[in-house]
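To keep things clear, I will list the structure first and then write my remarks on it.
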Amino acid sequence: MDVILHGLTDAQTDAVTHIDGPLLILAGPGSGKTRVVTHRIAYMIRQGVPPSQIAALTFTNKAADEMRARVEHLAPGKAVWMGTFHRFCAQLLRRYASMVGLTENYSIYDSSDAKQAMKRAIEAADISTSHTSPEQIATTISNAKNRLVTAEMMMAGNKRSGPTMAAKVYPVYQQQLLTANAVDFDDLLLHVALLLKEHPELRQELDSRFRYILVDEYQDTNLAQYAIVRGLSIDHPNLSVTGDPDQSIYGWRGADINNILDFEKDYPSVKTVRLEQNYRSTPNILRAADQLIRHNRRRKNKELYTHNDEGDAVTLRIYDNGYEEADGIVDEIANAIAVEGLRPRDFAILYRMNALSRSIEHSMRRRNLPYQIINGLEFYQRKEIKDLLAYMHLINNPKHDVALQRVINTPTRGIGTKTIAYLRSHADRHGITMLEAARRVDQIDGLAKRSATAVKRFVDLYDHLAIKATATLEDLIRSIVEETKYEEHLLKTVVDGQDSSAVANVDEFITAGVEFDRYHPDDGSLELFLEQTALVADTDAFEDNTDRVTVMTLHAAKGLEFPRVFVIGVEDGLLPHSRSKDTDSGFEEERRLLFVGITRAKERLQLSCCKSRTMRGESRPAISSPFFNELPLDEMRRVESEFERNWFDDDSQDDYPESWDLPDEDEEDDNFGSEAAASVKETEQPPFDESCQLPEEELKELVAKTKKKAKPVMGLKTAADLMSGASTTPVTAYREGNWVRHGEHGEGRIVSVTGRGPKRTATIRFDDGEHRFRLAFCELELIDS
DNA sequence: GTCCCCCTTTTCACT
DNA sequence: AAAGGGGGAC
């Protein structure tokens, strides 16, 4: 038997050897889907399909990379197009830009660029936002784009009641994007979909250029994506899609689960293959997943089964609060590594919201466990990186107004909001870009001469930098940094008492440029670099060949697997999320999300919730998720921290379990930050205890440095921290009632805590009386919380 | 025009 | 908790 077909089950072989005609692969979690897809590509090539006629579309670069690596292994050196939908479209659009009114150096706005542009459009459309918010309008327009609704269609849509706010803003926003030679994420898909629809000859050409199309995660495609693959599969309907309706979790992004549920209707001659055997999880885990997902009404039934060993019971666990949850789990991981010889890479901690990563991160640091957090605020979102990128964007695409507004006064050069507003309105009035307006600054009435001079100076600077547009990236970035005196600017403004991480980030960015230069010696271009940075996804940051605990959202975890998985915050309002639980479809999607989380686990799984959780600065009682009652509780291990109690009495038939009683008097944790603590009058406080403070000079300096956005030293070194090196205990861990140790006064109990941020102070009662400390800048050791 | 402080708002997941 | 906006001081 050959390497391509060896070791495949009958169903898998069926799928792999299907070449022509539509194919639907319904693949349950852990059913070897990627294996089937990659082997199929290799098989197709071996059967004579030219690799250049194959395109494999995925949702993340990571998935594409993995696919590429595996195909390369089976069929070395074959140039199959693999990548994300967005990248596929970006490249097509690059080529056919003029057909939609763009030029090939168009820019891709990221979400914050788009937000800025949206605000400007709302302003220009002269819409009052009293009954709606820019976010709402943006969401409405985004949804419209995902459903292939154009501005004209939306305008025509509601003739009776007159156009909605969003319908009025949409054409303005779109026009401004065109003027800026830019697209937003949704446009990448929309433009290409419309291109295929409106230009039959182009559609035909591309259809035969990409005769074989494979789509991964088909359950997550939206109408625009559907239209694109459909348009490319009319003359050559060799479309194969892979997916699992039970793992559809992107409805909020316009994904239409009907695309996969109705695939057989769209392509009557389809061959359907079901992959239901699971090679990943233990029966215990699979049963939990299966029983949960059976509660969804709108689904295709699927029998999941596995021949794996029984394994351990799934654990359900209640913690008192988020800190204990984080500490408990991290301790357990550390323990398992020490005792059972597991590796950090064997573990994943998953949650619904990025906000939950904070406590985990603290605990990880304290335990000195290596971890990787895959979350939103990544490198390219950092202010200093966005600044430099904006310069590059503007150089690549002089029409990029958002970039211009970002850099025109960064570093500050005397061009304030007023002047920028003049430029903007002049640009809007004459239908030109803001850079053009800046060049004609003399024609703008009412602008102070001084401002005009500053603007001219900026234009000169820009023109000087623009010479470097075709230089290497390293050269370009270094020029920008030097000629704008960017690092001096950083040192002046971003002096957060913390460190010089901003400058370090700039260095790292230069390194990224150097690497790009090396990786693209010939085809390297500013354009390509900017496209790549615009289209990197959070999940792309995941590294699977590193030995670290993975911490990420349930969404980001799709497609991955880990021997041991912890899903935290399985609470009502969190999972299901309060914004999603009110509609049936939303609620079912949340259930699928938990299903995805559960099925990431190979050997062991714990789902946990807390009795109280601190969110957005305040602690509130939490209720366990209604999904708990949909699990096979009888066979699961149920643990409550502190004392074992059999929760979920068998007679509780309610859909929603009751909330647990709040902790009793001894536990004042939940009063933290409460009115009582905050209302203590400052004047009645004893003066600061200088013995705990840094020397006054130093303190003043630190306080002075602690500017608005800067991250002050918001933590205290504890003895344990000092031993382990880097990390600190968050100031918020110092609450009323907790015991601390101080070098001079000995042990004391925190009487009250007032103030926020760096001004947070604590009054502590020691044997020698009460003393008051400014928490952010003194060293206390937390001994008992 | 710029900087800084204070107040208000925010509500999720991601390309 | 964190970011953005408004208003006041220089």
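These numbers were taken from a predicted model, which means no experiment stands behind them.
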* Asked: Does A:R450 or A:H555 map to a spot on DNA chain B nearer the 5' end, using the closest nucleotide for each?
  ->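 The residue closer to the strand's 5' end, by nearest nucleotide, is A:R450.
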* Name the residue closer to the 5' end of DNA chain B, choosing between A:L593 and A:G414 according to the nucleotide with the nearest heavy atom. =>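 By nearest-heavy-atom nucleotide position, the 5'-most residue is A:G414.
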Please report the distance, rounded to the nearest Å, between [atom1] in [X] and [atom2] in [N].
{"X": "A:N146", "N": "B:dC14", "atom1": "CG", "atom2": "P", "value": "16 Å"}
{"X": "A:M615", "N": "C:dA1", "atom1": "CE", "atom2": "C1'", "value": "9 Å"}
{"X": "A:R413", "N": "B:dG1", "atom1": "CZ", "atom2": "P", "value": "15 Å"}
{"X": "A:D582", "N": "B:dC12", "atom1": "CG", "atom2": "P", "value": "16 Å"}
{"X": "A:E531", "N": "B:dT15", "atom1": "CD", "atom2": "C1'", "value": "13 Å"}
{"X": "A:F185", "N": "B:dA13", "atom1": "CZ", "atom2": "C1'", "value": "15 Å"}
{"X": "A:E135", "N": "B:dT9", "atom1": "CD", "atom2": "P", "value": "13 Å"}
{"X": "A:E589", "N": "B:dC12", "atom1": "CD", "atom2": "P", "value": "16 Å"}

Does [N] have OP1 or OP2 sitting under 4.0 Å from an N or O in the side chain of [X]?
{"X": "A:T419", "N": "B:dG1", "answer": "yes"}
{"X": "A:N354", "N": "B:dC12", "answer": "no"}
{"X": "A:S451", "N": "B:dG1", "answer": "yes"}
{"X": "A:T412", "N": "B:dC3", "answer": "yes"}
{"X": "A:R358", "N": "C:dA2", "answer": "yes"}

When we call it a touch if two heavy atoms are under 4.0 Å apart, what does [X] touch: a base, just sugar-phosphate, or nothing?
{"X": "A:S578", "answer": "nothing"}
{"X": "A:I415", "answer": "sugar-phosphate"}
{"X": "A:N409", "answer": "sugar-phosphate"}
{"X": "A:K119", "answer": "sugar-phosphate"}
{"X": "A:F85", "answer": "nothing"}

* **Ring centroids of A:Y250 and B:dA13 base under 5.5 Å with planes under 30°** =>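 No, A:Y250 does not stack on the base of B:dA13, since the centre distance and plane angle fail the 5.5 Å and 30° test.
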* Asked: Is there a stack between A:H577 and B:dC12, judged by ring centres under 5.5 Å and planes under 30°?
  -> yes
* All salt bridge (charged side-chain N to carboxylate O under 4.0 Å, His left out) counterparts of A:D327, not counting sequence neighbours -> A:R366
* **Qualifying residues under salt bridge (charged side-chain N to carboxylate O under 4.0 Å, His left out), relative to A:E590, sequence neighbours excluded** => A:R352
* Pair A:D220 + A:R253, salt bridge at N-O below 4.0 Å ->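 No, this pair does not count.
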* Over 12 foreign heavy atoms within 6.0 Å of CG, A:D65 -> yes
* **Distance, nearest 0.5 Å, that separates CG of A:L189 from CZ of A:F88** =>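 Reported to 0.5 Å precision, the distance equals 11.0 Å.
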* To do: Indicate whether the side chain of A:S107 and that of A:N397 have a donor and an acceptor atom separated by less than 3.5 Å.
  => yes
